[in-house]
Structures are given as structure tokens and as C-alpha cells.
Amino acid sequence: MKYLDGLNDAQKRAVLATDGPISVLAGAGSGKTRVLTTRIYHLIREGVPADKILAVTFTNKAAREMRERVRVMLGEDRQIPFVATFHGLGRELLQSYGKAIGIQRFFSIYDRDDSEKAIGVALKALDIETKELSPRAVLGRISRQKGEGVRASEFKEKHGRSNFGNRIVSEVWQRYEKTLAAEKALDFDDLIALPVRMFEEHSDVRELAQNRWSHIHIDEYQDTNSLQERLAGILAEKHKNLFVVGDGDQAIYGWRGAKMENILNFEKRYPKSQTIILERNYRSTKNLVDAANAVIEKNKNRKEKYSTTEKAEGEPIVVHIALNAEDEARWIANRIKQQMSEGQKPEGIAILFRTNFQSRALEEGMLRAGVPHKVLGTRFFARKEVKDALAWMRLAMDSSREADKMRAASSPPRGIGKVTLGKLVAGGRAHLRAGELAKVEAFERVIQELSQSALALKPSEFVKLVIEKSGMKKVLFDDGSEEDRERFENIEELASVAARYDHLIGKESIALFLAEAALASDQDEMDQGEKTGVTLMTVHAAKGLEFNTVFVSGMEEGLFPHANMNEKDRDEEEERRLFYVAMTRAKDRLYLTLARIRKIYGSDSVAIPSSFLADIDGSLMLYDETELHHEQKVIHF
């Protein structure tokens, strides 16, 4: 079997182990995606129908890459398995079977921004200042509860009479659910919670789903929460062919409900399972692998695993102490310019930081030095003009959605104010003045025309039609300023993204595209035609990516590891896992930088080096002392 050529022994065992529960502990850079795709190909070669195979991962970007690899292996004319994110799987399950619990086939999905806005409205209705209790904090609390399978009614029964904070969360949650219901919308967490509830309450529907897929693959299993683990278990219950891949050493999402124990305790959950460990690192040099091993071995709550590599020793890790954040950014920029002059492409370089506030000084440093760069975090699908276009598209799918109607009516402006829309929502159409009614009817005609056109167009064609018919092209491009034209380019890029679904026609394909837009993560922004250059992002956002050169900034005690972690060992270990993830993004070069003085919340603080630096053998590091005064040259632990 030629497709096994190039795989090491452990990888081959994982590919050829086709039956029963199997967990693969895959270290950083160990080729887990190749194992997953080759195993899927092997199953199909062995006679398993493609539509009986399911593969689930955590980002649209990862799902697309996996889907494309399988397509290349199988050939263009072959059917490929269903490959999706967990939320994409939930959407598919609810579209296919949701009628059993009253879910209509076409529903909209609230992204995090939509959810925060709705919760903000609920807080305002309760006279709670968002400065006192932020919508993001409330959404995080609700999200974690939903991830544990708790319903709003259950939370109210348990906490509705307890402390003030819980009472507010309970009341906001009740109002938030009413908003979702009115908008025929679901949020991210509903896409997992509702399928689990549906399967647990309707055995006939559960059986249909269990018969649909005989072989189930779950990537990044250490990032699953309680409900995701339950959903995987339900789907695999009949055939028992559950293949999970993960790495407890890269479990960095405990703060949002991920349960590392799902991968660590897989054998207890499935007593007849087998475990395969992938320890060979194909990404990083020996120095980097040895340093990462030294850091992660300090954690106690982990499965024994020691990464090895056959790559060359490589360059030592460079540590640089700057005077302050601006000095740190300047040094990083100069290093990058030096590497670019030696032929390194800026796209192969990343600057990682522990917290978002660090990005300001780093970006300013890149701007001053003229280094091309992009900051991951301002999501493409969260831009106003893009959300405006998406609102128009959702209205064409269902014209009753009030929130989308309010947004579309003013984007671009057409003389329909909030008061007029408020009358419509309240059923006061008969009370509109003649001029108001004429504008409303013209607006509704456009929506109706788009709705009819959606039946016969490819998604990219439909996006272009929306841009034209809504008036956005005229306002932003024909009559707009230079800044408006840049915004128009973002909407045009939306058509390019929608083209991924051009092999389908009609509302089904548009619904798929709208779901992708709602479920996009920060990493997906790297595929949206953004400007090229050095990537600046948080360590959390970098998980799953790799770069030739990585700079990890802010290596100071209290910043990385972060001071806000709890006193529990588990939280301290998660910080170390986060540093391990940062280190293992690098293929060839790793730079660790820190400042002697860091301005935090407006005040200068004298920093000390991160305790993580002491975990690394000194022989693997080189202290760069350029641009420093003599008294700043030595690190003391």
C-alpha cells in the first residue's frame, strides 16, 4: 500500500487500526492530520462507503484542509466523507433531524458579537450598567453552563434566588433565550446542546444518526467540553468505531469549558480501547523539541510522552531583555527586517503574545520599521459592512427576522428610521404615514426579489446581487470615499468566500455559507484574502499553526505565566501548556523577549523574567545583548 509509504511505525498502526475505540496521543508536529486523512482514505479503500465516515475538528480552516487532503487522495470525481467543525456537525444534525424538537430547517446562527449585543440589551432592560457587568462576562457564564448541558430553566431553579450575580445571569439568560426564539436563531452552544438533548429524548432520531456514520473521527479531542464528548459518544454508541486524536499537553481552553480529562481518561470511558502515541516531531529542530520537552515535563497532570525528532540541532533559542515594551517591539522589528533581507518571507514569521494589550506596542513597532504585518483578531466576518451584507442575505432566507430587518433597513440608509421599524414590529403598519409606507414597501420588494433570486443562484452570484440590489455598491463604491471603497472591497471578498459553495445552487447552499460565516474563528481570517506579512496574534489563536520563525513576547512573571490564574495547580499547568504551544509553533527559530519595565493599566511595573525560562536548559539558549545598557545584560532567576 503505497499510501503508507513515509509513515513511521506508530502512524501506520493508527492508520491500520480501523475497528473499535482508539485514542491517538499526538505530540506537536507529529503529523496527526496526515494520519487522520490517510486513515480515512484507507477505510474507503477497504470498502467503507465515504458517506459512512465522519470527521470532526475545531476550526473551519482545519476542516477545509482535511477535506481537501482527502479529496486529493481520492481523486476529484469521488465522494468525500462529511468533514466539519463540531458546530458545523451540530448545524447539520439540527437541519436533518431538528424537526423532532421544533427546529425549522433554515435557522440563523448568532455569532459571539450578535450574542453579546443581545445580552447587552437584556442588561440594559434590567438597568444594569455594562461597566458593572459586561455582556462578554455574562455570555461566558451562560456558555459554560450550556457546555455542561444546563438549561436556562435549570439554572434559574438552582441559582435564581442565590447571590445578586447569579440572579442577574439567570434573568438575562431568560431574556436572551426569548430573543433567540423570536429571531428563529440559535447560538454556538445551542448547536451542540440541542442535538444532545434531541438524541437523549428521541430514541428514533438517535438511531437514525447512529446508523448514518459507522466510523467517527474527532480531532483535538483534548479541547472537547462535556457536551461535545457526550455527542461523540452518542453517535459512536452503535458501531463503537470512535477514533480520537489529541494532546493533553496542548489543552489550553479549560477557561472556556474544555475538559482535558476527555483525552486523559479515554481508556476509562472506553475500556476496550487502544492507545497509540505519536512522539516523532516533524516540524521543529532538535533544540526546539528538547526545550519544549523540558518545559512540559514539569507538569504532573499529563500522560507520559516524550517528543523526538530526526531534524538537525538547529539554532539556539534567542532570549532578549528589552528596556520597555517599545524597545522590545523595536528589537523584534529589526530582527525581522534582518531575516527578510536574508530571504525569509514575512508570512513565515509570527509574533505571539499572552494578552491582547501587548499588541499595541508590537504593531506600532512594525509600523515604524515598515515591516508588513497583519493583526489577527479583527475578524473579517465581524466587520460592519460584512455583517450588513450578511443581514441582507439572511433576510432573503427569512424576511421575518427583526434584528436583520433593523440592520438592513439602515445599511445603506433608505429613510426608514427606528421609529418606523418599531411600528412595524409592534404590528402598527396601518398607522404609518404614506411616505413611510412607500419606503417600507420598496424595502420589502427588494427583499422579496432577493428571496426569489436565491432559489436559482450560486452563492457567489447571490452575494454580488445582494451588493447591487441593497444599494451598498452605489453608496460605498459609486458614490463613496476612498475609505468606503476599501469597505466595499471587503464585501467583494465575501463573494470569493461564498464561491466555496458554488458547486451547489439555491437556498441550501446559501444556508451553508451563512453558517460558515457565523462560525468562523480567528484562524479562518487568514484565508480571507487579507494583506500578507508577519502575523501578530495571541498564543491561543496560534494553536494548530506553524511558522519558520516565532517571537514570543512578554516573557515576564505575572504576564506569562499570567497573574490572573487561580492558585490551583491545574491552572498553573495550563499556563505552562500554553507556553508549550507557543514554543512548538516554531519550525526553525524561536525568540523569547521580555521587558524590564512594562506599563500595565497605565502604570510602570518593574518586571522579572518568566519562571518558564528557568525550565529550559541554558545550553539551548543564547542571550542577545544588543541595544542594551551594561546593567541590563544579565538575567537573574
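Closest approach of Asn225 to Gly257, counting heavy atoms only: CB-O, 3.2 Å. Among all heavy-atom pairs drawn from Ala100 and Val205, the shortest one is CB-CG2, 3.8 Å. Taking all atoms of both residues into account, the shortest heavy-atom contact from Ser284 to Thr309 is O-OG1, 3.4 Å. Heavy atoms only, all atoms of each residue included: Met66 and Thr57 are closest at CE-CB, 4.5 Å. Nearest heavy atoms, Phe579 versus Met555: CE1-CE, 3.5 Å. Scanning all heavy atoms of the two residues, the minimum distance from Ala251 to Asp223 falls at CA-OD1, 4.3 Å.
Other residues, nucleotides and ligands contribute at most 12 non-hydrogen atoms within 6.0 Å of the CZ atom of Arg136. Sparse packing is recorded around CG of Asp9, with 12 or fewer heavy atoms of other residues, nucleotides or ligands lying under 6.0 Å away. Other residues, nucleotides and ligands contribute only 12 or fewer heavy atoms inside 6.0 Å of the NZ atom of Lys286. More than 12 heavy-atom neighbours from other residues, nucleotides or ligands sit within 6.0 angstrom of CD on Glu154.
Taking CG from Asn60 and NE2 from His87, the interatomic distance works out to 10.5 Å, rounded to the nearest 0.5 Å. Atom CG of Leu620 and atom CG of Asn287 lie 5.0 Å apart (nearest 0.5 Å). Within the model, atoms CD1 of Ile296 and CG of Asp249 stand 4.0 Å from one another, a figure rounded to the nearest 0.5 Å. Put simply, CD on Glu65 and CG on Leu36 are 12.5 Å apart, with the number rounded to the nearest 0.5 Å. Note that CZ of Arg577 is 6.0 Å distant from CG of Asn299, once rounded to the nearest 0.5 Å. For the atom pair CE (Met198) and CG (Leu231), the distance works out to 9.0 Å, reported to the nearest 0.5 Å.
Annotation: side chain of Glu310 is not in contact with side chain of Tyr282 (no heavy-atom distance under 4.5 Å). Side-chain contact check for Val289 versus Asn293: some heavy-atom pair is nearer than 4.5 Å. In this structure, Phe560 and Leu592 have side chains that are not in contact, with every pair of non-hydrogen atoms separated by 4.5 Å or more. Leu4 has its side chain within reach of Leu16: a pair of non-hydrogen atoms, C-beta onward, lies under 4.5 Å apart. With a 4.5 Å cut-off on side-chain heavy atoms, Leu235 and Phe199 count as touching. Between Gln210 and Ile234, the closest side-chain pair of non-hydrogen atoms falls below 4.5 Å. Looking at heavy atoms from C-beta onward, Asp290 lies out of side-chain contact with Asp617 at the 4.5 angstrom threshold. With a 4.5 Å cut-off on side-chain heavy atoms, Glu573 and Lys300 count as touching.
Leu264 is linked by a side-chain contact (heavy atoms from CB on, under 4.5 Å) to Met260, Asn301, Lys303, counting only residues two or more places apart in sequence or in another chain. Residues satisfying the side-chain contact (heavy atoms from CB on, under 4.5 Å) criterion with Ala84, sequence neighbours excluded, are Phe82. For Asp189, the side-chain contact (heavy atoms from CB on, under 4.5 Å) partners are Arg112, Ser143, Lys146, Asp187, not counting sequence neighbours. With sequence neighbours excluded, the residues that form a side-chain contact (heavy atoms from CB on, under 4.5 Å) with Arg45 are Tyr3, Tyr41. Under the salt bridge (Lys or Arg N to Asp or Glu O under 4.0 Å) criterion, Glu237 pairs with no residue, sequence neighbours left out.
Arg71 has a carboxylate O that lies under 4.0 Å from a charged side-chain N of Glu68, or vice versa, which qualifies the two as a salt bridge. Checked for salt-bridge contact, Glu46 and Arg39 miss the test: no charged N lies under 4.0 Å from a carboxylate O. A salt bridge between Arg354 and Glu575 is present, with a side-chain N of the basic residue lying under 4.0 Å from a carboxylate O of the acidic one.
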Would Arg69 and Arg34 satisfy side-chain contact (heavy atoms from CB on, under 4.5 Å), going step by step from the backbone distance to the final call? CA-CA 8 Å; Arg69 287 201 199 189; Arg34 184 180 181 186; 4.1 Å; yes
Test log, rule side-chain contact (heavy atoms from CB on, under 4.5 Å), inputs Val56 and Gln228: CA-CA 11 Å; Val56 185; Gln228 289 163 340; over 6 Å; no
How far apart are the C-alpha atoms of Tyr97 and Arg212, what are their side-chain angles, what is the distance that settles it, and do they pass the side-chain contact (heavy atoms from CB on, under 4.5 Å) test? CA-CA 12 Å; Tyr97 314 113; Arg212 183 170 175 177; 3.3 Å; yes
For the pair Ser610 and Glu557, evaluate side-chain contact (heavy atoms from CB on, under 4.5 Å) and give the outcome as yes or no after the intermediate values. CA-CA 4 Å; Ser610 169; Glu557 198 68 16; 4.3 Å; yes
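Ring to ring, Trp255 and His562 are not that close: their centroids are 6.0 angstrom or more apart.
If you run side-chain hydrogen bond (donor to acceptor under 3.5 Å, both in side chains) between Asp247 and each of Lys32, Lys305, Arg302, only Lys305 comes through.
Taking the six-membered ring for Trp and thresholds of 30 and 60 degrees, Tyr591 and Phe551 have nearly parallel ring planes, at less than 30 degrees apart. Relative orientation of the Phe266 and Tyr221 rings is perpendicular, given thresholds of 30° and 60° on the angle between their planes.
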Side-chain donor-acceptor pairs under 3.5 Å in residues 17-24, sequence neighbours left out?
from: Ser23; atom 1: OG; to: Thr275; atom 2: OG1; distance (Å): 3.0

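A donor-acceptor contact shorter than 3.5 Å links the side chain of Lys52 to the backbone of Asn211. Under the 3.5 Å distance criterion, the side-chain polar atoms of Glu177 are left unmatched by any main-chain donor or acceptor of Ala152. Checked by atom type and distance alone, the side chain of Thr584 pairs as donor or acceptor with a backbone atom of Val581 at under 3.5 Å. Side-chain N or O atoms of His239 include none that pairs as donor or acceptor with a backbone N or O of His215 at under 3.5 Å. His217 places a side-chain N or O within donor-acceptor distance of the main-chain N or O of Leu54, the cut-off being under 3.5 Å. Side-chain atoms of Asn281 come within 3.5 Å of backbone atoms of Ala28 as a donor-acceptor pair (strictly under, hydrogens ignored).
Side chains of Asn166 and Arg141: a donor-acceptor N/O pair is present below 3.5 angstrom, by distance only. Neither side chain, Glu229 nor Ser226, offers a donor N or O lying under 3.5 Å from an acceptor on the other. Inspection of the Glu279 and Thr308 side chains reveals no N or O donor paired with an N or O acceptor under 3.5 Å.
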